[in-house]
Amino acid sequence: MVAIESHDVIRSIPLKSDLNSVAYNATNSLLVICTSDRKVRLFDARSLDELPCSPLTSYHSYPVSCCAFSKSQAFLVTCAIDGLLVVLDLQSISDPKVFCKFTAGQLKSCNFSDNCSFVAAGDTEGKVNVWSMCSKELIHVCGGHSAQVTGLVFTPDSNWLVSGCSGMGTGDLWVWPIGEKRRLELMPQQALEYDSCAHEMGLYCMAFSPKFSTASGSWLLATGGGDNSVKFWTVDKSRQPGKRLLSRATLQYHTYIVTGCSFSPDGTLFCSVSLDHTAAIWDPRSSNLLYVMMDHTRFVAACSWSPDNRTLASGGNDKQVLIWRIKRDTDLVDDAPTNYSQLTSPAANQESDITNAIILSAENNVPDEFLCPISHEVMKDPVVAADGFSYERSAIQTWVTKSHTSPITNLPLPSFQFIPNRTLKSLISSQTNKLQK
């Protein structure tokens, strides 16, 4: 379990134009801010002082749509609707150099693969362009989206590319195979997976969890859309075609378009931001809403966690970047598993739990409804899964890390969202109190 004790705005960085994108680099040394006045601004991530080389203004002639740092090398990529994708080499931060420039359509999104072998950009015509960082050549053009590509991310093994679009009421989601072998035109029939309506009214952002992974290649993907929701998906390479992209859960809080999202590097927290002026923080394992921050005065467009998990940057068209210090309950966080595949049922070592286990035993004719179908123990935190049956929360959470089917019906679970069964919990508590008297 993860708990947030409080949050504080430790710094507000004023801007002269709307923010479109923000990102920390992997070493927690740099923070980049891209704005509609065509500027790319670089800050020291710790002191939050703007660097002498900043702002970088000579690369784009239109508002900068998106930016991203590479994870393995000192590269920064930016793109704009002027059709330019610019990769900067930041090894010498006092004098950034252009590593390469690529020309494509009007660009809305961009990203590196985790191994820095590829860089990709999505345009307003529904195409995704992929270049090799080694040869600096265009190797793939993925076509199939019905509108502008506003979400773009590589799988953690860098072999697949996931892209999503927004516009004209559509929000489709595609998974593409990526490799160094040049195949300029990747047609829709060559896509590995496809969901024609991942989000109604468009898909605007996406991110992979850095900690949800298995040896066979299964990852947790988050998307945000024009239907005001966040959705969690499993992208699973070990499954058969047609089953590699599975819906896990839908997170509902926002009242307007979800424009940005980011997982904390330790995988225990997830942030979504919206045009409703809010930033929401979730527990990605339980899909529970933990905290809502309402300090922005207008639309929030983007967010990014620092690599040390301690701060969060967010910004939008209130012309400021807010740097939040997120204070967690350290005891709970330190005990939380950092890999979803390592989730296990917590030991019942508290005195109240032991007492309940003794009182509500088989000798007391416990109703079957009080027993978890998986652990066959009396439930303490019952939840209803998508199959309509109730389970102990920790037990079903562990189950879905190993199987995507119902423990009872053996049919595929349509989602991995769990709803607290408060009525059943109250009945169990009432029975416990009666037996204690």
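Below, each value reflects all heavy atoms present in this structure, side chains not excepted, and no hydrogens, waters or symmetry copies. Numbering of residues begins at 1 and proceeds along the displayed sequence.
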Query raised in the report: Taking the side chain as C-beta and beyond, is there a heavy-atom pair between L31 and V22 under 4.5 Å?
Result: yes

Query raised in the report: So, S109 side chain and L152 main chain: donor-acceptor pair closer than 3.5 Å or not?
Result: no

Report task. Answer whether the closest heavy-atom distance between the side chains of V130 and L161 falls below 4.5 Å. Result -> yes

Query raised in the report: Between E50 and R41, does at least one N-O distance fall below 4.0 Å, as a salt bridge requires?
Result: yes

Query raised in the report: Taking C-beta and beyond as the side chain, do S36 and N20 meet within less than 4.5 Å on heavy atoms?
Result: yes

Requested in this report: Flag the pair R285 and D283 as a salt bridge only when some basic side-chain nitrogen lies within less than 4.0 angstrom of an acidic carboxylate oxygen.
Outcome: yes

Query raised in the report: Does any donor atom in the side chain of W233 or T223 lie under 3.5 Å from an acceptor atom in the other side chain?
Result: yes

Query raised in the report: Do F102 and N129 come within less than 4.5 Å of each other through their side chains, counting heavy atoms only?
Result: no

Requested in this report: For the residue pair F118 and F154, categorise the inter-ring angle as parallel (less than 30°), tilted (30 to 60°) or perpendicular (more than 60°).
Outcome: parallel

Query raised in the report: Between F270 and F232, does the ring centre distance come in under 6.0 Å?
Result: yes

Query raised in the report: Considering only heavy atoms from C-beta outward, does the side chain of R393 approach that of N288 to under 4.5 Å?
Result: yes

**Report entry** Distance, nearest 0.5 Å, that separates OG of S306 from CZ of R325
**Finding:** 10.5 Å

Query raised in the report: Can you list the steps and then say if D82 with R38 is a salt bridge (Lys or Arg N to Asp or Glu O under 4.0 Å)?
Result: CA-CA 10 Å; D82 57 9; R38 306 184 300 277; over 6 Å; no

Query raised in the report: Counting N and O atoms only, with roles assigned by atom type, does the side chain of T103 sit under 3.5 Å from a partner on the main chain of G83, one being a donor and the other an acceptor?
Result: no

Query raised in the report: Is a side-chain donor or acceptor of D123 paired with a backbone partner of L107 at a separation under 3.5 angstrom?
Result: no

Report task. Would you confirm whether R46, through its side chain, and N28, through its main-chain N or O, come within 3.5 Å as a donor-acceptor pair? Result -> yes

Report summary line: dist S272:OG -> Y253:OH (nearest 0.5 Å) comes out at 9.5 Å

**Report entry** Aromatic ring pairing W176/H145, orientation class (parallel under 30°, perpendicular over 60°, tilted between)
**Finding:** perpendicular

Query raised in the report: Any side-chain donor paired with an acceptor under 3.5 Å for W282 and S287?
Result: no

Report task. State whether a side-chain donor-acceptor pair under 3.5 Å links Q252 with S229. Result -> no

Query raised in the report: To the nearest 0.5 Å, what is the distance between CD1 (I178) and CD1 (I139)?
Result: 6.5 Å

Query - Value rounded to 0.5 Å, distance of OG in S218 from CG in D236 - result: 4.0 Å

Query raised in the report: Which residue, V175, T155, T234, L173, forms the side-chain contact (heavy atoms from CB on, under 4.5 Å) with L221?
Result: L173

Query raised in the report: So, S29 and T27: side-chain donor and acceptor under 3.5 Å apart, yes or no?
Result: yes

Query - Interatomic spacing from OG in S65 to CD in Q106 - rounded to 0.5 Å - result: 9.0 Å

Query raised in the report: Between the side chain of S17 and the main-chain N/O of D37, is any donor-acceptor distance below 3.5 Å?
Result: yes

Query - Residues forming a salt bridge (charged side-chain N to carboxylate O under 4.0 Å, His left out) with K319, sequence neighbours excluded - result: D18

Report task. For a side-chain contact (heavy atoms from CB on, under 4.5 Å) with L42, tell me which candidate from N25, I33, L76 qualifies. Result -> L76

Query raised in the report: Do C372 and E377 have side chains that get closer than 4.5 Å, going by heavy atoms?
Result: no

Report task. Only one of T311, I281, L290, N309 passes side-chain contact (heavy atoms from CB on, under 4.5 Å) with I326; say which it is. Result -> I281

**Report entry** F69/Y24 aromatic ring centres below 6.0 Å
**Finding:** no

Query raised in the report: So do the side chains of V98 and L88 get within less than 4.5 Å of each other, counting heavy atoms only?
Result: yes

Requested in this report: Tell me yes or no: between the side chains of S390 and N421, is some donor less than 3.5 Å from an acceptor?
Outcome: yes

Query raised in the report: Between T150 and S166, do the side chains contain an N or O donor and an N or O acceptor separated by less than 3.5 Å?
Result: yes

Requested in this report: Give every residue pair that meets the salt bridge (Lys or Arg N to Asp or Glu O under 4.0 Å) criterion with at least one member in residues 97-113, sequence neighbours excluded.
Outcome: D95-K97

Report task. Sort out for me which residue in V300, L312, T278 forms a side-chain contact (heavy atoms from CB on, under 4.5 Å) with M293. Result -> L312

Requested in this report: Check whether any side-chain heavy atom of V383 lies under 4.5 Å from a side-chain heavy atom of Q397, and answer yes or no.
Outcome: no

**Report entry** Any donor-acceptor N/O pair, D276 side chain to T255 backbone, under 3.5 Å
**Finding:** yes

**Report entry** K136 NZ/CZ over W131 ring centroid, <6.0 Å and within 45° of normal
**Finding:** no

Query raised in the report: Where does the angle between the aromatic ring planes of F299 and H277 fall among parallel (under 30°), tilted (30 to 60°) and perpendicular (over 60°)?
Result: tilted

Query - Residues D318 and R298 bridged, charged N to O under 4.0 Å - result: no

